[in-house]
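Since the structure is predicted, the reported quantities are computational estimates derived from the model, not experimental observations. Just follow the structure's listing: the first ligand is 1, and inside any ligand the first atom is 1. Numbering starts at 1 and runs along the sequence shown.
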Amino acid sequence: MEVFTKKITLYHQVLKLNAEHKSIGLVPTMGALHAGHLSLIKKSKFENDVTIVSIFVNPTQFNDASDLQKYPRPIQTDMALLKNAGCDILFLPSENEMYSPSEKWDYEVGAIANDLEGVYRPGHFMGVTQIVYKLFTIIPAQKAYFGQKDYQQFLVIKHLVAHFNIPMVLVCCPIVREADGLALSSRNIHLSEPQRKKALLLHKTLSFIKNNYSKLPIDKLLQKVRTDFETEDDVQLEYIAFRDKYTLKPIVTINKAIVLIAAQVGNTRLIDNIMLD
Ligand code: PAF
């Protein structure tokens, strides 16, 4: 695995690979890699000649300084995992490499970014689009891989790509879960053992909805969900939403719906989702 820390060197390497007609898959990450990330790498390796993974904990997408500060950065473990997964190139830039001090980013994502995560993490998607645009410019890959767990992020990045006519295919890969259903997340390491058990309520809720949406009306489903969360201490429901899976607007037909959930478990914020079709 080759490691690049300078954008210009990597850019030239990618141009060289493109000239050699090598297909390139990009997996953008913030590190603290888990099986979810490894599934993206696996898919990219299957579909491309060369897989590039970026690790950069992007400060502009954190609206909470303590969240940024405590974000895990186990770089040695990550590098070992990447080598083992057959990653060809790791891009590991510093903050100075990615940002200049006075820089501004005022791309207006639109309605899709102002809802759900946008409400609870104001400015988050501005930061995501800012860094992803940079990564897509430095690494003109043919495909980029993202996880369904951050489904709203995936749709926001689709908008970005369409807006700037970026010739890249975006691939959304299924959520990877622990055996008991907990969606893998770099933030799970902040959960104590009792909190980890309580965190299962997110997946249990989504499974309950998936199993019952054809039998019960949405208001009844929501009533049960709210009661379940109210009776569980140390867990605060932030939102549970039935949305159109293409637009994230409130649903017209339940068949095209995705259900998205966010909750605070202790001090750890978790998100999850499930498609109803
Ligand atoms: O999903 C993530 O890990 C990040 O939001 C991303 C896409 C790498 C941008 O920093």
Side-chain angles (χ1 to χ4, degrees), residues 4 7 10 25-41 43-44 51-65 67-75 77-78 81-82 85 87 89-99 103 105 107 109 112-113 116-118 120-139 141 143-161 163-164 166 168-176 183-190 260 262 268-273:
F4 289 78
K7 56 192 174 203
L10 177 56
L26 169 64
V27 182
T29 81
M30 297 207 299
L33 304 177
H34 50 64
H37 297 110
L38 299 181
S39 75
L40 308 182
I41 296 168
K43 178 120 174 115
S44 170
T51 292
I52 304 182
V53 175
S54 63
I55 295 185
F56 180 66
V57 182
N58 173 37
T60 65
Q61 71 188 74
F62 286 81
N63 55 320
D64 173 351
D67 191 22
L68 170 61
Q69 202 232 322
K70 72 175 187 201
Y71 201 84
R73 293 165 172 86
I75 190 61
T77 315
D78 282 352
L81 284 170
L82 289 177
C87 165
I89 295 179
L90 166 62
F91 182 42
L92 188 61
S94 66
E95 201 174 316
N96 288 344
E97 186 66 13
M98 295 309 278
Y99 288 109
E103 115 173 31
W105 174 254
Y107 165 65
V109 186
I112 201 154
L116 306 168
E117 289 300 289
Y120 286 87
R121 305 183 69 188
H124 169 65
F125 289 124
M126 284 293 271
V128 169
T129 52
Q130 183 178 24
I131 194 63
V132 168
Y133 182 77
K134 283 169 186 273
L135 290 169
F136 285 3
T137 312
I138 299 164
I139 307 163
K143 291 186 175 179
Y145 297 80
F146 297 90
Q148 187 194 313
K149 190 173 76 63
D150 296 296
Y151 190 70
Q152 190 177 6
Q153 164 174 280
F154 179 74
L155 292 187
V156 165
I157 296 171
K158 267 186 117 170
H159 273 241
L160 176 84
V161 161
H163 180 87
F164 289 106
I166 301 173
M168 203 181 282
V169 174
L170 301 183
V171 184
C172 186
C173 301
I175 299 175
V176 178
L184 293 190
S185 161
S186 305
R187 291 191 161 85
N188 290 353
I189 60 156
H190 298 312
L260 305 108
T268 307
R269 191 169 182 279
L270 300 175
I271 59 173
D272 200 346
N273 64 69

Per-atom contacts, ligand 1 versus [X] - under 4.0 Å to a heavy atom:
{"X": "Gln153", "result": "1 (O), 2 (C), 4 (C), 5 (O), 7 (C)"}
{"X": "Thr29", "result": "8 (C)"}
{"X": "Pro28", "result": "8 (C)"}
{"X": "Ile131", "result": "9 (C), 10 (O)"}

For the side chain of Lys7 and the backbone of Glu97, is there at least one donor-acceptor N/O pair under 3.5 Å apart?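 Checked: pair present.
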Closest approach of any protein heavy atom to atom 9 (C) of ligand 1, naming residue and atom: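 That would be Gln61 OE1, 3.3 Å.
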Donor-acceptor pair between Tyr151 and Asp272 side chains, under 3.5 angstrom: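 Asp272 and Tyr151 do not have a side-chain donor-acceptor pair below 3.5 Å.
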Centroid separation under 6.0 Å, is that true for the rings of Phe164 and Tyr107?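 Yes, the ring centres sit under 6.0 Å apart.
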Under the side-chain hydrogen bond (donor to acceptor under 3.5 Å, both in side chains) rule, what pairs show up with a residue in residues 126-139, not counting sequence neighbours?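 Output for this query lists Thr60-Gln130, Glu103-Gln130, Glu103-Lys134, Trp105-Thr129.
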I'd like to know if Asp78 and Arg73 make a salt bridge, using a cut-off of under 4.0 Å between side-chain N and carboxylate O.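 Salt bridge flag = no for Arg73 with Asp78.
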